[in-house]
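A quick write-up on the structure given underneath.
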Amino acid sequence: MSTLIISEKNKAAQAIAEALGPTTKIQVNKLVKVYHVPSRDVYVLPLRGHIQQYENTAAYKKWTAKDPRDIITDPHAIAKIPTKFGGPYISALKKYGKLCTTCVVGTDADVEGCNIGLMDAVPFVTAVNPKIRIMQIWLNDLQKSSIQKAYMNLIPPKWSWAYSGEARAQIDAIIGFSATREVSLTLKPILQGINVKFTSIGRVQTSLLYLIYLREDIIRNFKPSPFWTISAKLKIGTSELKVNHVKNNFTDKKIAEGIYSLIKNEKIAILEAVQTKTRKINPPVPLNTSKALQLITKNLKINAKVALKTLEDLYLNKLITYPRTDSDVYSPTYDHKAVLQKFLTHSMFGQFTRDLFKNRRIIPTKGKHDTGDHSPITPLESLEPNASKFGNKLQQQVYNLIARYYLALFGEPAEESDTRILVNIKNEKFMGQTKVLLKPGFYSIAPFLSPKYGAPLPSLPPVSSSPSTGSKPTLPVIKIDLEEKQTQPPPRYSDTSLLQLMERKKLGTKSTRPAIIQILIDRSYIQRQGRSVFLMDLGFLLIDSLVMIWKPFLDPVFTSNVEHQLDGILNQKLQMPQVVDAIKKDFLRLFDLFRLEKPKILQKMQALQTTGNVIRGRNNQILSGKTKSPRSSQTTNTKGGVPAPVLSSAKCPKCKTHPMKLVVSTHNKAKIYKFLVCNEPSCKTYLSLPKKGSPTLLKSTCSICNFNIVKISTSAHGKRFHYYICPLCWNRGLKHQSGEGFCSKCKAFHIVKGKCMKK
DNA sequence: GCAAGGTC
């Protein structure tokens, strides 16, 4: 009466086995081990995520062998086959499937988990043992007590969840494969010229690229317009307060100048009104993956991929709960007391936690979504910053954010005051505002959630409302300013705002969003420059040619419709084959439309090539068209949809033709080498970079040698900071020990003998 | 050669 439990990954298998009793390991083959629990006659077999995936069948392997359209219409164009690493897992499934009488699917408690267990794995078990009983264990976390409880309450398999995942996989494969081939083959003449092999198209990635394109379009076409502001600096006791003219911003220069010239020498402001409002700010809601990634990328200034990897590492070390969750509501039975008790003695969080118990604040805030898969992200241990359980500093920093955020859920509301004053300077009215934190509440444990507050103002003289008293109090004016400013375009996306955008538009899942951003980077559609994401020419080119005809596919509405129908399968309101057929039909119509418009698209491309504008491909190399100087190519030209090159490239100082690329490589896992190297292998020119800190190649160039500046982000004494170097000057400086090419503060710098001349 | 979704 043996039982086989299938888990999604090794750590989960180990946790399940150890919760059920004393465990021994059996090495089944080179890759696979199972955990044996003799006391219960249980074998726990860990998979490695999906062990099967959709691929084109043999007849469709070659891109040109069949019409890409047939991938949509031919039901035999794709098939589910074992992944590269699937084989050893499949033979283990067969071996233990044969000798067990019950098979328990113990993969993650979500759609993909059900799909992995019931669709990828179980078929191999039932093939060798048709009579085996199939059950499922629903695990919200890997704590011993939760596992024991769930094992006593096995559930029937959630087939509808598994089918929902299966439909998603089929739809994505059909759309992705057919469209990638069709678009790549169409653009072939162009792509060949720019040394690009293919242009990938996918339900999620192409939609995201479209949104980045829309933002880029606004930025490129943005016409800044001037406006003027008048402000005054007032002295209040020992502090200063900036007040703004109530008619800011002025669009008419003459009016602004007229007012300014009348009042510019005035030294007295009459205090007309003071109003103070206080407001309570409630603690945040529990942390799901999406919010956690935003929190981490924003506060630690790391990219989304690294943030997710660090969460995963913390989870595998059993320091936090499962990091992939959409829930921001705890189940009513969640044992917060047990978690909080661990923090009572913590050197930094202890006092806050003791206050929680003292004030009986042990119920967390509540969000809106309880998806019933995993609990919100929660610390499982109370660890000091120097704990050896942290694999690296980043893990410690991420844990610190998660732990503080969790404790904040139980904290008191914060309280702020908002003081507004109205003054009169020679009959012109000015307003000032200052926000002050009155009670820190939960901000005390999670200061990173707090907005910036001003220092409290010294008490202002009372403003008499009675006209009989005659004079009103006055404040000294330190100075009055008239400034000319320019309207600004919206900012480019960062990892944090891209994640926000994807969440808002329901693009990708909690766990794939960082990977989708990475795909766009790998395909040379977009590029990170510092914290900003730039659309590259290839990305612009692709969307610009699709935007006329494929709006219904590019728009995130397409994906939300797909996901709506997938939910229908999960809720047993729709059937998988009908959903897949309906979406195939939808997409086939768009596919045919693309074919119909092909000549137009090619014509547009042709026009592009003959306008002499630069198209850049991989590594931002200039690959076709007449080249322009980097400076003039910065200017915007969107006439006729021609992409304006976005980034200047750091040209090799020796061969002066090829760009330098940034290389960060690990060697023996211990040493990290960072340098810039010429993209032309035969040139071999390289420039060293500082050993410490992470480098980013910037757009701005050195005013001495015109080479691109590199920003070095690093830390010392626990504080993060950055500085700028010109790699070329810096390397020359290293040679002559002159200290040139280095500036700690400004971006556009001019360094001579170690001193920045622009300071 | 391709997707998106898992996991390492």
Side-chain angles (χ1 to χ4, degrees), chain A residues 6-13 31-32 46-57 60-66 68 71-72 77-78 80 82-86 89 107-121 161-162 164-188 191-192 196-209 289 305 308-309 311-313 315-316 322-324 373 391 502 506-520 522-523 542 553 558-559 562-563 566 583 587:
Chain A
I6 300 168
S7 104
E8 193 161 320
K9 49 189 162 275
N10 181 53
K11 282 279 173 179
L31 266 180
V32 185
L47 304 177
R48 217 171 83 175
H50 280 291
I51 53 168
Q52 295 201 74
Q53 66 185 357
Y54 278 98
E55 277 185 20
N56 275 118
T57 48
Y60 287 83
K61 282 269 187 272
K62 210 165 172 274
W63 280 36
T64 43
K66 289 262 188 180
I71 297 175
I72 310 171
I78 59 164
K80 212 174 186 190
T83 60
K84 207 172 157 194
F85 302 98
Y89 294 92
T107 44
D108 287 353
D110 51 32
V111 165
E112 289 301 324
C114 292
N115 186 258
I116 290 165
L118 292 165
M119 298 275 149
D120 284 7
W161 288 50
S164 173
E166 197 71 3
R168 199 270 317 141
Q170 288 183 9
I171 290 162
D172 284 339
I174 291 166
I175 292 177
F177 296 166
S178 65
T180 297
R181 289 181 187 193
E182 179 68 11
V183 175
S184 296
L185 294 173
T186 304
L187 302 187
K188 206 172 180 181
L191 299 180
Q192 267 174 346
V196 169
K197 293 210 168 59
F198 63 89
T199 48
S200 61
I201 304 285
R203 175 178 57 86
V204 179
Q205 58 168 275
T206 310
S207 226
L208 179 63
L209 187 60
T289 307
K305 198 181 154 197
L308 184 58
K309 172 77 173 65
L311 285 171
E312 175 78 11
D313 290 342
Y315 160 69
L316 292 176
Y322 191 64
R324 291 169 183 150
D373 50 1
M502 293 176 88
K506 295 190 163 64
L507 288 176
T509 70
K510 58 215 174 212
S511 25
T512 58
R513 281 174 196 148
I516 297 283
I517 297 173
Q518 192 58 44
I519 284 176
L520 296 185
D522 292 345
R523 297 279 181 272
L542 177 66
F553 174 68
F558 185 89
T559 246
V562 169
E563 274 166 26
L566 294 177
I583 290 168
F587 190 70

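Letters A, B, ... are given to chains in the order of the sequence lines, protein chains preceding strands, and every chain is numbered from 1.
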Determine the contact category for [X]: base if any of its heavy atoms lies under 4.0 Å from a base atom, sugar-phosphate if only primed atoms, P, OP1 or OP2 are that close, otherwise nothing.
X         : value
Gln53(A)  : base
Ser184(A) : nothing
Leu47(A)  : nothing
Asp120(A) : nothing
Gly508(A) : sugar-phosphate
Tyr322(A) : sugar-phosphate

- Query: Do the side chain of Asn10(A) and the base of dC8(B) come within less than 3.5 angstrom through a donor-acceptor pair of N or O atoms?
  - Reply: no

Is any side-chain nitrogen or oxygen of [X] closer than 4.0 Å to OP1 or OP2 of [N]?
X         : N      : value
Ser200(A) : dC2(B) : no
Gln205(A) : dA4(B) : yes
Arg523(A) : dA3(B) : yes
Thr509(A) : dG6(B) : yes
Thr512(A) : dA4(B) : no

- Select from Leu185(A) and Ile519(A) the residue whose nearest nucleotide in DNA chain B is closer to the 5' end of that strand. Leu185(A)

- Query: When you match Glu8(A) and Thr180(A) each to their closest nucleotide on DNA chain B, which lands nearer the 5' end?
  - Reply: Thr180(A)

Rounded off to whole Å, could you give me the [atom1]-to-[atom2] distance for the [X] and [N] pair?
X         : N      : atom1 : atom2 : result
Glu312(A) : dC8(B) : CD    : C1'   : 9 Å
Ile78(A)  : dG1(B) : CD1   : P     : 18 Å
Glu55(A)  : dG1(B) : CD    : C1'   : 12 Å
Glu182(A) : dG1(B) : CD    : C1'   : 16 Å
Leu208(A) : dA4(B) : CG    : C1'   : 13 Å
Gln518(A) : dA4(B) : CD    : P     : 14 Å
Lys11(A)  : dC8(B) : NZ    : P     : 10 Å
Lys80(A)  : dA3(B) : NZ    : C1'   : 14 Å

- Message: Is the base of dG1(B) stacked against the aromatic ring of Trp63(A), taking ring centres under 5.5 Å apart and planes under 30° as the test?
- Response: yes

- Query: Residues in salt bridge (Lys or Arg N to Asp or Glu O under 4.0 Å) with Asp172(A), at least two apart?
  - Reply: Arg168(A), Arg203(A)

Selected nucleotide, minimal atom distance to [X] side chain, candidates [options]:
X         : options                : answer
Arg203(A) : dG5(B), dA3(B), dG6(B) : dG5(B)
Ile116(A) : dG5(B), dG6(B), dA3(B) : dG6(B)
Tyr54(A)  : dC8(B), dC2(B), dA3(B) : dA3(B)

- Task: Using a cut-off of 6.0 Å, state whether more than 12 heavy atoms not belonging to Lys506(A) lie near its atom NZ.
- Result: no

- Exceeds 12 heavy-atom contacts within 6.0 angstrom, atom NZ of Lys61(A): yes

How long is the straight-line distance from [atom2] of [Y] back to [atom1] of [X], given to the nearest 0.5 Å?
X         : Y         : atom1 : atom2 : value
Leu47(A)  : Gln52(A)  : CG    : CD    : 10.5 Å
Glu166(A) : Asp120(A) : CD    : CG    : 7.0 Å
Asn115(A) : His50(A)  : CG    : NE2   : 5.0 Å

